[in-house]
Amino acid sequence: MSALLELRAVSRHFALPRRGFAPAPMLRAVQQVSLSVQAGEVVGLVGESGSGKSTLGRLALRLLTPSAGTVMFEGDDLATLSRSALRARRRAMQMVFQDPFASLNPRRSIGGAIAEVLALHGLPHGAAEVTVALRRVGLEAGDAVRRPRQFSGGQRQRIAIARALATQPRLLVADEPVSALDVSVQAGILALLQGLRAELGLAMLFISHDLRVVEAMADRIVVLYLGRVMESGPARAVFAQPRHPYTAALLAAAPGSHRPAMTLGGEIPSPADPPSGCVFRTRCPFALPACAAEVPLPRTVAPQHEMACIRDDLAL
Ligand SMILES: Nc1ncnc2c1ncn2[C@@H]1O[C@H](COP(=O)(O)OP(=O)(O)OP(=O)(O)O)[C@@H](O)[C@H]1O
Ligand SMILES: [Mg+2]
C-alpha cells in the first residue's frame with residue numbers, strides 16, 4: 001500500500017534579490033528531503049527556527065511548488081494533477097497555522113468561515129453542517145454567529161481546527177498549532193487533536209520546535225537542520241536513543257532534559273550559503289575532515305530509523 005503522503009528528494013530554493021550583475025543568490029530552504037506519512041499516522045517535524053519546517057509543510061500540500069523532487073498524495077504525483085483534480089484532493093489535506101487570528105477574517109462570523117470552506121469544496125454548508133464542525137472541537141451551535149475576537153486564543157485555535165476538519169481531510173498539516181498559546185491552554189488543544197486523531201483516523205504532519213509537544217503527539221519524528229533531514233525514526237526510539245549528534249544536542253537543550261549538555265559551536269549558517277558536505281559539521285563537536293567532502297546519505301540504524309551522519313562510533 002502506498003503512503004498517504006510521500007515526499008521524494010524534495011527541494012525548494014528561493015531566489016534572493018540580486019546585487020549588481022551577479023546571478024541571483026539562492027536560499028536553500030529545503031534540500032533533498034524524503035519522508036512519508038502513513039494513513040492515520042502522526043509525524044512530528046522538528047528543527048530550529050529557519051530549518052525549513054513551514055516550507056516543507058507548504059510543499060506537502062502544494063501551497064508551494066518544489067524546485068526539485070516529487071510530492072505524492074495517495075499515490076498520485078501532485079504535479080501531474082489538473083487544476084480541478086488538485087482542488088478535489090485539497091479537500092483531503094488541510095492546514096492549521098500557529099496564529100489562528102491571522103487566518104480568520106475578523107469581520108466574518110465563525111459559522112460563516114466554516115460554511116465558506118464547505119461551499120468552496122462543493123459540500124453541503126447549512127447550519128447543520130456548521131454545528132457538526134463546531135461540536136467536534138467542543139464549541140456550541142450558538143457560537144456560529146460570533147466573531148473571532150469574541151473568543152480566547154485557545155478557542156480561536158479550536159475554530160481554525162474546526163474549519164480545517166470540516167471537509168473531512170485525511171491529512172492535517174499542523175504548523176506550530178500551540179506555539180502561540182499559554183501552556184495551560186496548549187494541553188487542551190493537544191488533547192483535542194489526539195482525540196480527533198483517534199476518532200477520525202486523521203494523519204498529521206505536526207510541526208513544532210518544542211520537543212515536549214512533539215513527544216506527546218508523534219508516532220514518528222523527522223529532525224531537520226538547515227533544510228536537510230538529520231534523523232528520522234519512531235518517536236520513542238529517537239527520544240530514548242538519538243543517533244545523530246544534532247538530535248542529541250536538541251534533546252539535551254530541551255527544558256527538563258536529563259541528558260548530558262552538548263555545546264554546539266558557532267551560529268546556524270545561512271541557508272543562502274550552507275556548508276559543504278554535512279550541513280551540521282560547522283557546529284558538530286564530532287566533525288571530521290571527511291564531513292566537509294560529501295553530503296552524508298541517510299542510513300538505517302534500527303527498524304524504520306535512519307540518520308545522516310558518517311560516524312558510527314559515537315555514544316550519544
Ligand atoms: N518566500 C520566501 N522567500 C525567501 N526566503 C524564504 C521564503 N520562505 C521561507 N524562506 C526562508 O527559508 C528558510 C526556511 O524557512 P521556514 O519558514 O520554512 O523555517 P521554519 O523552520 O518554519 O522556521 P520557524 O521555526 O521560524 O517557523 C528561512 O531561511 C526563511 O527565511
Ligand atoms: Mg515555521
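Counting starts at 1 for both ligands and their atoms, following the listed order. Note that the numbering runs from 1 along the sequence shown for the chain.
Both the backbone and the side chain of Thr55 come within contact range of ligand 1, each with a heavy atom under 4.0 Å.
Note on Ser54: counted as a metal contact of the Mg ion (ligand 2), an N/O/S atom lying under 2.8 Å.
When the heavy atoms of Ser208, Ser49, Gly227 are ranked by distance to atom 26 (O) of ligand 1, first place goes to Ser49.
The local environment of CD in Gln168 is sparse, with at most 12 non-hydrogen atoms from other residues, nucleotides or ligands closer than 6.0 Å. Heavy-atom contacts from other residues, nucleotides or ligands closer than 6.0 Å to CD of Gln194 number more than 12.
Atom CD1 of Ile189 is separated from atom CD of Gln155 by 9.0 Å, given to the nearest 0.5 angstrom. Between atom CD of residue Glu306 and atom OG1 of residue Thr300 there is a gap of 4.5 Å, rounded to the nearest 0.5 Å. Once rounded to the nearest 0.5 Å, the distance linking CG of Leu120 with OG1 of Thr167 reads 9.5 Å. The distance from atom CG of Leu196 to atom CG of Leu172, rounded to the nearest 0.5 Å, is 9.0 Å.
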Is there a side chain to side chain contact (heavy atoms under 4.5 Å, CB included) between Val178 and Gln157 once you walk through the steps? CA-CA 8 Å; Val178 298; Gln157 196 56 294; 5.8 Å; no
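At under 3.5 Å, a nitrogen or oxygen of Gly52, whether backbone or side chain, sits near a nitrogen or oxygen of ligand 1. In terms of polar-atom proximity, defined here as any N/O pair under 3.5 Å, Gly50 does make such a contact with ligand 1.
Shown here, atom 2 (C) of ligand 1 is in close reach of the protein: a heavy atom of it lies under 4.0 Å off.
Listed by number with element, the atoms of ligand 1 under 4.0 angstrom from any heavy atom of Ser54 are 17 (O), 18 (O), 20 (P), 22 (O), 27 (O). Close contacts between ligand 1 and Pro271 involve ligand atoms 29 (O) [criterion: under 4.0 Å to a heavy atom]. Heavy-atom proximity to Ala29, at under 4.0 Å, picks out these atoms of ligand 1: 12 (O), 13 (C). Below 4.0 Å from some heavy atom of Ser51 lie the following atoms of ligand 1, by number and element: 19 (O), 21 (O).
Tyr246 pairs in a side chain to side chain donor-acceptor pair (under 3.5 Å) with only one of the listed residues (Glu231, Arg228, Glu48), which is Glu48.
Residue contacts with ligand 1 include Glu48, since one of its heavy atoms falls under 4.0 Å from the ligand.
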